[in-house]
Amino acid sequence: MVEVVNAVGSGFLNREFDLSVVAEDLGSAADFDPEKYPGMYIRFSEDSPLVTLYRTGKYIVTGADSLDKLEEANDKLLNLLCDNGIIDRSDVEWFEVQNLVCTANFDQDLNLSALAIGLGLEQTEYEPEQFPGLVYRNPDLESVILIFSTGKAVITGSSDLDEVVAASDNLIQELSRLQLN
DNA sequence: TAGTGTGTTTCTTATATAGGTCGTATCC
DNA sequence: GGATACGACCTATATAAGAAACACACTA
């Protein structure tokens with residue numbers, strides 16, 4: 001069972017912004033401190049995804065726990081900017097998913113040292129003194145999987161949920177083949 | 001040697017995972 | 001004061017973005 005915990009998307013509005021002016025127009029929803037970071041943060045509520053808007057018109061949405069919520073956050077952003085007269089609908093160029101962070105639970109304790117050998121040392125990184133998880137990069141897939149001794153895992157690096165599921169299924173097959181616990 | 005140009009790295013944000021370290025708080 | 005508990009933060013992973021700070025190469 002794969003669960004999305006963070007979806008990241010980016011988009012482009014065909015317009016340059018004076019972020020100081022935009023921050024004033026948006027009020028408390030916006031947080032802009034150019035000395036700290038060149039992007040302006042926009043949040044719709046305390047637990048909503050975070051939007052980072054740049055001077056060039058490009059923006060990033062992070063913190064959505066589903067693809068639907070990512071799209072919803074993008075719609076809210078565009079409505080907010082349109083309603084405040086900051087952009088026109090014709091300024092919207094594109095928006096696409098860039099990265100998904102998902103969790104998975106294989107419901108079995110794992111011997112990560114043996115798993116690293118079984119999966120192949122050239123495809124894995126396991127240094128427990130540095131980080132308790134095993135990093136697995138399947139050359140046939142875009143995703144990177146962090147595998148922990150508890151049987152839980154983090155799958156990241158892909159923009160396609162089907163590919164994430166495929167990566168999870170592939171690992172389940174490998175665990176079954178290796179029969180490690 | 002100084003100036004310019006190019007390229008690389010770091011910063012920031014979100015998020016799960018887990019082990020280790022550190023600081024603070026509470027209790028005996 | 002010592003022991004324990006707890007929270008915060010670090011480590012690693014991916015990704016986008018712009019700006020600043022670097023490092024390095026090249027030319028005058």
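Chain A is the first sequence line, chain B the second, and so forth, proteins listed ahead of strands; every chain is numbered from 1.
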Distance check: side-chain N/O of A:Gln130 vs OP1/OP2 of C:dA12, anything under 4.0 Å?
yes

Next on the checklist: A quick test of your reading: do over 12 heavy atoms of other residues, nucleotides or ligands sit less than 6.0 Å from CD of A:Glu3?
Outcome noted: no

- Query: If only side-chain N and O atoms of A:Thr150 are considered, is one of them under 4.0 Å from the OP1 or OP2 phosphate oxygen of B:dA18?
  - Reply: yes

Under 4.0 Å, counting only non-hydrogen atoms across every strand here, what does A:Thr56 touch: a base, just sugar-phosphate, or nothing?
sugar-phosphate

Can you say whether a donor on the side chain of A:Tyr37 sits under 3.5 Å from an acceptor on the base of C:dA17, or the other way round? yes

Does C:dT13 have OP1 or OP2 sitting under 4.0 Å from an N or O in the side chain of A:Arg137? yes

Among C:dA17, C:dG18, B:dA14, the one nearest any side-chain atom of A:Pro38 is C:dG18

Rounded to whole Å, CZ of A:Phe131 lies from P of C:dC10 at a distance of 14 Å

Below the 4.0 Å mark, does B:dA14 have OP1 or OP2 next to a side-chain nitrogen or oxygen of A:Arg43? yes

### Message
Would you say A:Thr52 places a side-chain N or O within less than 4.0 Å of OP1 or OP2 belonging to C:dA17?
### Response
no

A:Phe148 CZ to B:dG20 P, in whole Å, measures 13 Å

task: Select base, sugar-phosphate, or nothing to describe what A:Val144 touches, counting heavy atoms under 4.0 Å on all strands.
output: sugar-phosphate

Would you indicate what A:Leu50 reaches in the nucleic acid, counting non-hydrogen atoms under 4.0 angstrom: base, sugar-phosphate, or nothing? sugar-phosphate

Here the distance between atom P of B:dA14 and atom CD1 of A:Ile42, to the nearest Å, is 14 Å

The residue, A:Pro128 or A:Val154, whose nearest nucleotide of DNA chain B is more 5′ is A:Val154

Regarding the side chain of A:Val101, the nearest nucleotide among C:dA16, B:dA16, C:dA17 is B:dA16

*asked:* I'd like to know if the side chain of A:Asn6 pairs up with that of A:Asp65 as donor and acceptor (distance under 3.5 Å, no hydrogens or angles considered).
replied: no

Ranking C:dT13, C:dT15, B:dT12 by distance to the side chain of A:Glu125, first place goes to C:dT13

Ion pair A:Arg55/A:Asp18, N-O distance below 4.0 Å: no

Query raised in the report: If you look at every strand shown and take non-hydrogen atoms under 4.0 Å, does A:Val5 touch a base, only sugar-phosphate, or nothing?
Result: sugar-phosphate

### Query
When all nucleic acid strands are considered with a 4.0 Å heavy-atom cut-off, which category describes A:Tyr41: base, sugar-phosphate, or nothing?
sugar-phosphate

### Donor-acceptor contact present, side-chain A:Glu174 to main-chain A:Leu119, <3.5 Å
no

With the side chain defined as heavy atoms from C-beta on, A:Thr62 is closest, among C:dA17, B:dG19, B:dA14, to B:dA14

When rounded to whole Å, the CG to C1' distance for the pair A:Asn99 and C:dA12 reads 14 Å

N/O donor-acceptor pair under 3.5 Å between A:Asp33 side chain and A:Glu35 backbone:
yes

Per atom distances to the A:Thr156 side chain, the nearest of B:dC11, C:dA16, C:dA14 is C:dA14

Ranking C:dG18, C:dA12, B:dG19 by distance to the side chain of A:Leu146, first place goes to C:dA12

Atom NZ of A:Lys69 and atom C1' of B:dA14 are separated, to the nearest Å, by 14 Å

note: A:Tyr136, atom OH; B:dA16, atom C1'; distance rounded to Å ~ 20 Å

A:Ile60 CD1 to C:dA14 P, in whole Å, measures 17 Å

Once you measure the plane-to-plane angle for A:Tyr54 and A:Tyr37, does it fall in the parallel (<30°), tilted (30-60°) or perpendicular (>60°) bin? perpendicular

Grouping I, L, V, M, F, W and Y whenever their side-chain heavy atoms are under 4.5 Å apart, do A:Phe44 and A:Val61 come out in a common cluster? yes

Note to self: Is the phosphate of C:dA19 approached by A:Lys36 (side-chain N or O, under 4.0 Å from OP1 or OP2)?
What the structure shows: no

Separation of B:dT17 atom C1' from A:Phe106 atom CZ, nearest Å, is 12 Å

